[in-house]
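The structure appears right after this line, and notes come after that.
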Amino acid sequence: MADSRPTEPQRLPIRPMRYWKGKAGQRYWFGVYSIDEPYDFDGIVYIITRARTDGFFDPLYIGQSSQGGVRLSDHEKMPQARRLGATHV
């Protein structure tokens, strides 16, 4: 007999969030992921960044992809971003 109890919704991990301002001053919120953390999203806008000692981030590369994690893990700019100190996406 199947268990008829309701299942708990899957809880997503708490993710630090940061916003970046667009050209017109609009705020765009992004989840912060370690550069080595596995991520797999479809249809994303992403910023490869370097963490600063004051808690802020320097953008190294901004892009968009319909292939998310696949695109980022093999991104042609990733070796250069890592040489520049990339720490987060």
Side-chain angles (χ1 to χ4, degrees):
M1 180 172 189
D3 189 350
S4 62
R5 292 179 288 176
T7 59
E8 286 287 318
Q10 182 179 2
R11 294 183 184 217
L12 296 174
I14 296 175
R15 172 82 35 218
M17 300 289 290
R18 295 285 190 262
Y19 72 85
W20 296 83
K21 286 187 179 179
K23 288 182 181 179
Q26 172 96 19
R27 288 183 180 184
Y28 297 93
W29 287 93
F30 289 83
V32 179
Y33 293 81
S34 166
I35 198 84
D36 295 318
E37 188 174 350
Y39 34 81
D40 187 17
F41 301 106
D42 291 331
I44 63 168
V45 173
Y46 58 91
I47 304 173
I48 299 174
T49 66
R50 155 179 68 211
R52 298 185 341 203
T53 57
D54 61 3
F56 289 94
F57 295 88
D58 291 325
L60 301 175
Y61 183 83
I62 300 170
Q64 64 184 19
S65 174
S66 61
Q67 298 176 346
V70 173
R71 170 87 170 111
L72 289 176
S73 62
D74 294 330
H75 197 286
E76 68 272 5
K77 300 283 186 183
M78 195 58 81
Q80 180 182 0
R82 285 184 182 275
R83 282 192 299 278
L84 292 172
T87 57
H88 294 82
V89 175

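Residue indices begin at 1 and follow the sequence shown.
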Self-check item: Nearest atoms (heavy-atom pairs only) where V89 meets Y46
Solution: CG1-CB, 4.1 Å
Practice problem: Determine whether M78 and V32 fall in the same hydrophobic cluster, where Ile, Leu, Val, Met, Phe, Trp and Tyr are linked whenever their side-chain heavy atoms lie under 4.5 Å apart. | Solution: no
Practice problem: Rounded to the nearest 0.5 Å, what's the gap from CZ on R50 to CG on L60? Could you check? | Solution: 5.0 Å
Check residues 16-27 and write down every donor-acceptor pair under 3.5 Å in which the side-chain atom is one partner and the other belongs to a residue at least two apart or another chain.
{"from": "Y19", "atom 1": "OH", "to": "R27", "atom 2": "NH2", "distance (Å)": "3.2"}

Practice problem: Over all heavy atoms of both residues, which pair between A86 and I48 is shortest? Give the atoms and the distance, please. | Solution: CB-CG2, 3.8 Å
Self-check item: Rounded distance (nearest 0.5 Å) linking atom OG1 of T87 with atom CZ of R52
Solution: 11.5 Å
Quiz prompt | OH on Y33 to CD1 on I35, rounded to 0.5 Å | solution = 13.0 Å
Quiz item: What's the verdict on ring-ring contact (aromatic ring centres under 6.0 Å, His included) for H88 and F57, showing C-alpha distance, side-chain angles and the deciding distance?
Solution: CA-CA 9 Å; H88 294 82; F57 295 88; 5.0 Å; yes
Quiz item: When rounded to the nearest 0.5 angstrom, what distance separates CD1 in I47 from CD1 in I62?
Solution: 5.0 Å
